[in-house]
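Atoms within a ligand are numbered from 1 in the order they appear, just like the ligands themselves.
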Amino acid sequence: MKPPVASVDFDVIVVGAGPYGLSAAAYLESRGFVVRVFGEPMAFWDRTMPAGMLLRSQRPASTIADPRGAWTLDAYERATGTPAQAPLPLSTFVSYGRWFRERLGDVIDPRTVAGVLRREGGFEVTLADHARASSRRLVVATGIGAFQQRPAMFDRLSPEVVSHCWAGRDLRELAAARVAVIGAGQSALESAALLREHGARVEIIARSRKLRWIGAHKWLHHLGPLSAMLYSRHDVGHAGLSRLVAYPNVIARLPLALRDRIRLRAIRPAGALWLVPRLADVQISTGRTVNEAAMLNGHGVRLRLDDGTERVVDHVLLGTGYRVDLARYEFLSPDLLRQIRRLDGAPVLTAGFSSSVSGLHFIGATAARSYGPLLCFVAGTQFASRHLTAHCAA
Ligand SMILES: Cc1cc2nc3c(=O)[nH]c(=O)nc-3n(C[C@H](O)[C@H](O)[C@H](O)COP(=O)(O)OP(=O)(O)OC[C@H]3O[C@@H](n4cnc5c(N)ncnc54)[C@H](O)[C@@H]3O)c2cc1C
């Protein structure tokens with residue numbers, strides 16, 4: 001005989017109200033699940049990304065999926081009279097996410113989850129105000145905000161002189177400053193462009209020998225049906241690879257080493273092509289590594305590079321990316337964390353984004369090691385929400 005199942009408040013609790021959490025809630029609700037999403041809607045995009053940013057993803061890849069296909073970016077723009085722009089401004093995307101959230105009604109609770117415990121028949125979450133809620137399943141959709149990667153040499157320096165590109169710093173405060181931007185990905189390159197436009201003196205210092213640009217082979221996108229064979233509408237990865245990345249279920253069946261190669265290739269540091277003219281008068285030092293960083297009598301930072309040259313700047317902006325490590329999600333209790341099978345910090349997932357803890361699921365970038373790079377982008381919300389919901393319903 002089955003043991004009695006303890007009563008719970010919800011069928012599913014989703015932690016995190018970014019694109020993945022919102023989309024999952026829409027799909028789960030449509031299948032009759034009683035759902036609650038905890039977290040302030042679109043907080044990561046609104047609070048941490050630089051104001052004035054443009055989305056790197058193309059418009060068709062910037063829609064948050066809903067089961068009826070009714071809450072698309074286009075539908076939002078039509079409903080609100082917002083002009084359709086490309087590239088898409090950050091402020092429009094944040095407003096779109098909030099519009100999507102309004103359609104979900106009172107499923108969303110903006111409180112932060114402070115702790116998660118396993119309990120009989122499911123999970124119990126403790127909120128920041130000490131209130132509690134329980135559910136049979138728990139979906140973690142808390143994104144990459146906790147995973148910022150910072151070279152250790154910067155740990156000793158004051159946050160006044162070193163910050164991560166997505167730590168929410170207002171770049172206008174650095175308008176009169178000398179700034180070294182470290183990195184060669186979209187965050188680093190776009191932050192450098194914005195800083196320059198605000199009047200800062202900027203140098204980009206990048207390890208890679210040359211900067212890479214997304215969409216550099218424009219002509220490959222204008223070959224009609226042939227282009228459609230080379231690129232999926234999700235637009236993640238180069239010609240050919242983009243098609244494979246569009247099928248996370250196929251990627252999940254590949255050997256780990258091949259999966260890793262595909263993921264690293266598809267999300268290697270690169271900037272959107274429209275950044276090229278905006279960086280025209282920014283100094284760019286490629287093939288260079290920062291070996292040492294030291295405070296200068298409280299005013300600025302001295303950087304020593306691997307070629308022996310030095311830079312003295314007022315601020316260092318780190319565009320040094322992120323690395324998934326579940327241990328950095330403070331809300332996962334050490335006991336629960338121990339029960340989650342992990343590979344280099346990322347959860348090992350099986351069908352339905354299921355972790356080794358029954359009823360505990362991870363969607364978004366934490367799932368990319370299992371399902372491939374599409375899960376690092378908004379374009380992956382459709383696959384994630386469909387697949388998760390079908391699994392829960394079954
Ligand atoms: C600078 C930058 C530019 C990017 N540009 C693009 C782009 O153009 N296109 C694209 O597709 N992707 C882009 N990305 C990737 C982007 O992070 C993901 O596409 C997207 O955020 C994934 O959505 P998500 O819901 O998984 O995560 P998020 O949007 O990060 O949402 C997770 C939410 O969970 C919340 N949360 C965390 N902990 C808790 C807690 N304990 N309790 C409650 N809530 C919590 C966070 O505040 C956050 O709001 C960009 C990333 C960066 C850093």
Q. Do any nitrogen or oxygen atoms of S187 lie less than 3.5 angstrom from nitrogen or oxygen atoms of ligand 1?
A.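 No, there is no polar N/O contact under 3.5 Å.
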
Q.
With nothing but distance in play, are any N or O atoms of V15 less than 3.5 Å from an N or O of ligand 1?
A.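 It does not: no N or O of V15 is found under 3.5 Å from an N or O of ligand 1.
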
For [atom], which of [options] has the closest heavy atom?
atom                    : options             : value
atom 20 (C) of ligand 1 : F331, F38, W45      : W45
atom 2 (C) of ligand 1  : R47, E330, E40, M49 : M49
atom 39 (C) of ligand 1 : T142, I363, V116    : T142
atom 42 (N) of ligand 1 : V113, I267, V37     : V113

Heavy atom of the protein closest to [atom] (residue, atom name, distance):
atom                    : result
atom 8 (O) of ligand 1  : R56 N, 2.8 Å
atom 49 (O) of ligand 1 : F44 N, 3.1 Å
atom 27 (O) of ligand 1 : G143 CA, 3.4 Å
atom 47 (O) of ligand 1 : A43 CB, 3.8 Å

Q: Would you mind checking if R201 and D314 are paired as a salt bridge, meaning a charged N to carboxylate O distance below 4.0 Å?
A: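 Looking at D314 and R201, the cut-off is not met.
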
Q. Is the closest basic N to carboxylate O distance between E77 and R59 below 4.0 Å?
A.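 Result for this pair is yes, salt bridge flagged.
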
Q. Hey, do the aromatic rings of Y329 and F147 have their centres closer than 6.0 Å?
A.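 That pair passes the under 6.0 Å test.
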
Q. Would you say the ring centroid of F44 lies under 6.0 angstrom from that of W166?
A.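 Yes: the rings meet the under 6.0 Å criterion.
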
Return a table of donor-acceptor pairs under 3.5 angstrom between the side chains of residues 126-133 and protein atoms on other chains or two or more places apart.
residue: D129; atom: OD1; partner: A131; partner atom: N; Å: 3.1
residue: D129; atom: OD2; partner: R111; partner atom: NH1; Å: 2.9
residue: R132; atom: NH1; partner: E124; partner atom: OE2; Å: 2.9

Q: Mind running ring pair (Phe, Tyr, Trp, His ring centres under 6.0 Å) on H391 and F353 for me, showing each step along the way?
A: CA-CA 9 Å; H391 181 84; F353 294 87; 9.4 Å; no

Q. Would you call P19 a ligand 1 contact, heavy-atom distance under 4.0 Å?
A.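 Per 4.0 Å heavy-atom rule, P19 contacts ligand 1.
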
(Q) Taking the cut-offs as 6.0 angstrom to the six-membered ring centre and 45 degrees off its axis, would you call R103 and W99 a cation-pi pair? (A)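 Because its charged atom sits under 6.0 Å from the ring centre and within 45° of the axis, R103 does stack over W99.
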
